[in-house]
Amino acid sequence: MAAEKGRTKRVVVVGAGVIGLSSAVNIIETIPNVEVTLIAEHFEEHMASSVSGGLWNPREVPLNGTPMHVLRKWGKETWDHSIPLALSSEASKIGIEFIPGYRLYPEMIKEEEEPWWKDDVIGYRRVPQKEIKQLFASTFKDGYFYMTMITNCPIYLPYLMKRFLQKGGKAIQRKVDSFGEFAGVYDVVVNCTGLGAKFLAQDDALEPLRGQIIRVRAPMQHFFILYSLKAGMKGLGNRSFYVFPRNGQVVLGGTYQHGRWDTKPSQEDAKYILDKASQVLPNLKGSEVVKHLVGLRPCRSKGVRLEAETMNFGALKIEVVHNYGHEGNGVTLHWGCAKETTRLVQQILEKSSTLQARL
Ligand SMILES: Cc1cc2nc3c(=O)[nH]c(=O)nc-3n(C[C@H](O)[C@H](O)[C@H](O)COP(=O)(O)OP(=O)(O)OC[C@H]3O[C@@H](n4cnc5c(N)ncnc54)[C@H](O)[C@@H]3O)c2cc1C
């Protein structure tokens with residue numbers, strides 16, 4: 001009985017994007033006496049996280065079904081986690097940096113519509129009309145200026161992986177066809193498969209939100225621009241506009257195409273992105289293109305799924321904690337979601353220890 005209570009618990013995290021890696025690190029650093037295995041079809045490339053703009057980007061409206069106060073909690077926990085990393089002497093190897101910039105609107109914002117996140121970011125101010133006219137007269141009517149953080153996932157994911165391996169975590173590269181294969185082998189499965197959960201958790205609410213971007217070299221660009229909308233404002237359809245400088249390059253975006261699975265960069269989208277960028281910021285015209293990329297955001301019409309479920313596979317059953325469906329906000333929310341995931345895993349492990357002890 002005592003031996004069972006003290007038995008090392010086995011957890012498998014499926015998915016090695018920013019959501020899976022942060023969950024794996026959090027679990028292995030928080031829960032005592034646990035063995036964590038990370039399994040993923042892709043590490044570092046061919047996933048939403050590797051294409052992500054990476055801006056800590058508070059939302060104006062709830063993320064589908066996920067309420068605002070929950071988004072704010074997860075976002076704030078991620079912000080608090082990121083600050084010391086951005087200030088660390090190792091920041092260039094971690095990939096998180098501070099960045100000032102403008103969130104801009106095509107219409108005037110009502111005075112009473114001050115954003116809820118204004119005290120969460122640094123140095124927030126409403127942009128005076130004189131400044132808007134001088135810098136962006138032809139495109140934008142109003143906006144906010146503040147400093148936030150940006151995460152360069154091609155650097156941050158390897159950093160998280162190193163932290164995970166240093167704690168004794170195991171990583172395996174392969175596709176998983178069913179969580180049923182883990183029954184009797186692991187105590188808990190953590191499902192961080194992003195869009196892959198459409199098949200592994202049979203979740204019809206998930207669909208891709210295709211995002212095409214271009215990475216360019218533009219060393220003269222030092223602030224971000226983000227085209228944003230308030231409720232009721234008319235947008236640009238399935239395209240938007242952003243400029244995110246980070247680590248010597250600039251990410252230009254981009255598209256928001258619902259239901260599209262194609263990951264080959266389209267020439268038409270690329271032309272739109274480059275034209276729009278140089279129209280708003282002429283200093284970007286003729287920038288050297290480093291890479292055209294497409295990522296599929298895991299968009300879930302019911303919001304982020306962060307909950308525990310017992311999944312049955314015939315006579316077999318397995319405890320699963322789901323953490324997927326972050327759409328265009330996964331980097332902003334990842335650490336808060338990883339903490340909540342760890343709490344749910346811990347609850348399941350404690351419950352099973354108590355049951356075993358009673359037997
Ligand atoms: C163009 C673009 C710009 C973005 N900009 C921002 C931004 O500025 N700020 C922000 O906060 N967010 C942004 N996002 C959103 C953010 O990138 C995503 O929300 C986040 O990356 C989702 O991470 P994930 O780990 O859930 O999914 P992914 O990164 O897609 O990872 C999924 C993992 O699951 C694995 N997997 C799936 N199925 C299986 C299977 N059957 N077997 C084994 N492994 C499997 C994959 O191999 C992969 O390792 C952007 C996204 C895009 C595409």
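We number each residue from 1, following the sequence as shown. Both counts, for ligands and for their atoms, begin at 1 and track the order of listing.
Of the possible polar contacts, none joining the Ser278 side chain to the Leu284 backbone as a donor-acceptor pair under 3.5 Å is found. The backbone N or O of Arg210 sits less than 3.5 Å from a side-chain atom of Thr255, completing a donor-acceptor pair. With hydrogens and angles ignored, the 3.5 Å screen pairs a side-chain donor or acceptor of Asp203 with a backbone N or O of Ala205.
Under a 4.0 Å criterion applied to the non-hydrogen atoms of Ile213, ligand 1 contributes the atoms 1 (C).
Salt-bridge check for Asp262 with Arg260: passed, with a basic side-chain N closer than 4.0 Å to an acidic carboxylate O. Under 4.0 Å is where a charged nitrogen must lie from a carboxylate oxygen, and between Arg300 and Glu207 no such pair does. One finds a salt bridge joining Arg217 and Glu288 here, because a Lys/Arg side-chain nitrogen approaches an Asp/Glu carboxylate oxygen to under 4.0 Å.
Under the 4.5 Å side-chain criterion, counting only non-hydrogen atoms from C-beta, Phe140 is not in contact with Val127.
Under the 4.0 angstrom criterion for non-hydrogen atoms, Arg174 is in contact with ligand 1. Residue contacts with ligand 1 leave out Phe199, since none of its heavy atoms falls under 4.0 Å from the ligand. Look at Gly54 and you'll find a heavy atom under 4.0 Å from some atom of ligand 1. For the pair Trp56 and ligand 1, no heavy-atom separation below 4.0 Å is found. The shell of residues lying under 4.0 angstrom from ligand 1, judged by heavy atoms, excludes Gly253.
Close N/O approach between Val51 and ligand 1 is not found [any backbone or side-chain N/O within under 3.5 Å]. Polar contact check, Gly15 against ligand 1: no nitrogen or oxygen pair lies under 3.5 Å apart. Ligand 1 has a nitrogen or oxygen under 3.5 angstrom from a nitrogen or oxygen of Ser49.
With hydrogens left out, the protein atom closest to atom 51 (C) of ligand 1 is Arg297 CG, 3.6 Å, a heavy atom. Protein heavy atom closest to atom 4 (C) of ligand 1, with residue, atom name and distance, is Gly53 N, 3.3 Å. Nearest protein heavy-atom neighbour of atom 19 (O) of ligand 1: Glu327 O, 2.6 Å.
Remark: among candidates Ile150, Leu157, Leu55, the nearest residue to atom 9 (N) of ligand 1 is Leu55, based on non-hydrogen atoms. The closest non-hydrogen atom to atom 28 (P) of ligand 1, taken over Ala48, Ala16, Gly194, Ser240, comes from Ala48.
For the side-chain hydrogen bond (donor to acceptor under 3.5 Å, both in side chains) test with Arg103, the passing option among Tyr146, Tyr242, Tyr227 is Tyr146; the others fail.
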